[in-house]
Structures are given as structure tokens and as C-alpha cells.
Amino acid sequence: METVASVLVGLVAALHAYILVMEMFLWQKKPGRSFHGFDREMARATAPMAANQGLYNGFLAAGLVWGLIAADPTGFRVQVFFLSCVVVAGVFGAVTANIRILVAQALPGALALAAVLVAQ
């Protein structure tokens with residue numbers, strides 16, 4: 001179960017690294033615009049906000065990687081903290097922005113969190 005938990009945490013970290021790239025570097029390009037369905041003008045107008053969001057997603061990814069490489073008990077605690085942040089951010093995003101965030105962000109985070117807790 002520990003391997004499954006580590007793989008799930010790694011996948012959630014990769015997801016947030018992907019979101020970082022989309023929001024910080026590709027937001028105004030075709031892949032970034034289609035990510036949220038924005039036209040060029042909306043993407044241009046929201047680019048600073050998206051870059052800020054991307055940076056936060058990068059911090060989530062970095063924290064999850066830290067949790068994977070740190071020895072226990074620190075690694076376990078860091079994973080629980082950052083996965084909890086992912087779940088809370090996903091639920092908040094679903095309520096305030098787009099319900100799809102619940103499935104795209106909160107659900108993977110919750111599954112990884114459950115696996116980490118069971119594996120401990």
C-alpha cells in the first residue's frame with residue numbers, strides 16, 4: 001500500500017506541476033486558452049492572476065515532492081499537510097470557480113491522502 005500511496009502522491013504532484021506550466025507559461029497560448037476556454041483577450045486580461053495561481057500550484061507540487069523524499073515522520077506529515085491543502089483548494093475552487101475542479105483536483109488529492117493515511 002505504501003507504493004500505491006507514493007505513486008498517487010507523485011501523480012498529484014505531477015498534476016500540479018502541469019497546472020503550473022499551463023497557468024504560468026502557456027496561459028496566453030493555444031493550450032492555455034483552451035485549458036479554461038478563454039479567448040485571446042480574456043487570457044491576456046487574466047494572465048497575471050493565472051501566473052499567481054500557477055505559482056501556488058508549483059508550491060503544492062514542490063511540497064508533495066518534499067513529502068515523498070523526506071524520511072518519516074517528516075515525509076508522512078508533509079504529505080498529509082500538502083494533500084490536505086490540495087483537497088481544500090479543490091473544494092474551494094469547485095464552489096467558487098468551476099465544479100470540474102472537484103474532480104480534477106480535489107478527488108485525486110483525496111484519494112492520495114486516503115492512501116497515505118492507510119499506508120501509515
TODO: Kindly indicate whether the side chain of Leu8, heavy atoms from C-beta on, has any atom under 4.5 Å from the side chain of Val4.
DONE: yes
Task: Single-linkage hydrophobic cluster Leu15~Leu83, side-chain heavy atoms < 4.5 angstrom - done: no
- [ ] Start with the C-alpha distance between Lys30 and Arg40, add both sets of side-chain angles, then the distance that settles side chain to side chain contact (heavy atoms under 4.5 Å, CB included), and finish with yes or no.
- [x] CA-CA 9 Å; Lys30 188 175 180 179; Arg40 288 181 195 268; over 6 Å; no
TODO: First locate atom CG of Asp72, then atom CZ of Arg77, and finally report the distance between them rounded to the nearest 0.5 Å.
DONE: 9.0 Å
Task: Close side-chain approach of Leu11 and Pro108, heavy atoms under 4.5 Å - done: no
TODO: Measure the CE-OG distance between Met1 and Ser6 for me, rounded to the nearest 0.5 Å.
DONE: 10.5 Å
TODO: Check the pair Leu60 / Tyr56 against side chain to side chain contact (heavy atoms under 4.5 Å, CB included), numbers first and verdict last.
DONE: CA-CA 6 Å; Leu60 291 173; Tyr56 282 98; 5.9 Å; no
Open item on the list: If hydrophobic clusters are built by linking Ile, Leu, Val, Met, Phe, Trp and Tyr wherever their side-chain heavy atoms come under 4.5 Å apart, do Leu111 and Val116 end up in the same one?
Closed with: no
Task: Joint hydrophobic cluster, Met24 plus Val65, side-chain heavy atoms closer than 4.5 Å - done: no
Task: More than 12 heavy atoms of other groups within 6.0 Å of Met49 CE - done: yes
Task: Minimum-distance pair of heavy atoms, taken over all atoms of Ala5 and Ala119 - done: CB-CB, 4.1 Å
TODO: Could you verify whether a donor N or O on one side chain and an acceptor N or O on the other, from Thr46 and Trp27, lie under 3.5 Å apart?
DONE: yes
Task: Heavy-atom check, side chain of Met22 versus side chain of Gln53, under 4.5 Å - done: no
Task: Heavy-atom pair with the smallest gap, counting every atom of Leu113 and Ser84 - done: CD2-OG, 3.9 Å
Task: Point-to-point distance, once rounded to the nearest 0.5 Å, from CG of Leu64 to CD of Gln79 - done: 7.5 Å
Open item on the list: Working to the nearest 0.5 angstrom, can you tell me the gap between Phe92 CZ and Leu102 CG?
Closed with: 14.0 Å
- [ ] Measure the CD-CD distance between Glu41 and Gln28 for me, rounded to the nearest 0.5 Å.
- [x] 9.5 Å
TODO: Treating Ile, Leu, Val, Met, Phe, Trp and Tyr as nodes and any side-chain heavy-atom pair under 4.5 angstrom as an edge, say whether Trp66 and Val86 lie in one connected cluster.
DONE: yes
Task: CD1 on Ile101 to CG on Leu107, rounded to 0.5 Å - done: 13.5 Å
TODO: Identify whether Phe81 and Val87 are in the same connected component of the hydrophobic contact network (ILVMFWY, side-chain heavy atoms under 4.5 Å).
DONE: no
Open item on the list: Run Leu20 and Leu55 through side chain to side chain contact (heavy atoms under 4.5 Å, CB included) and show every step you take.
Closed with: CA-CA 6 Å; Leu20 173 147; Leu55 184 61; 5.5 Å; no
- [ ] Compare all side-chain heavy atoms of Gln105 with those of His16 and state whether any distance is below 4.5 angstrom.
- [x] yes
Open item on the list: Measuring only between side-chain heavy atoms, which start at C-beta, is Val88 closer than 4.5 Å to Val91?
Closed with: no
Task: Shortest non-hydrogen contact between Ala61 and Ala17, atoms and distance - done: CB-N, 3.8 Å
Open item on the list: Quick check on Phe38: does its CZ atom have over 12 non-hydrogen neighbours (other residues, nucleotides or ligands) under 6.0 Å away?
Closed with: yes
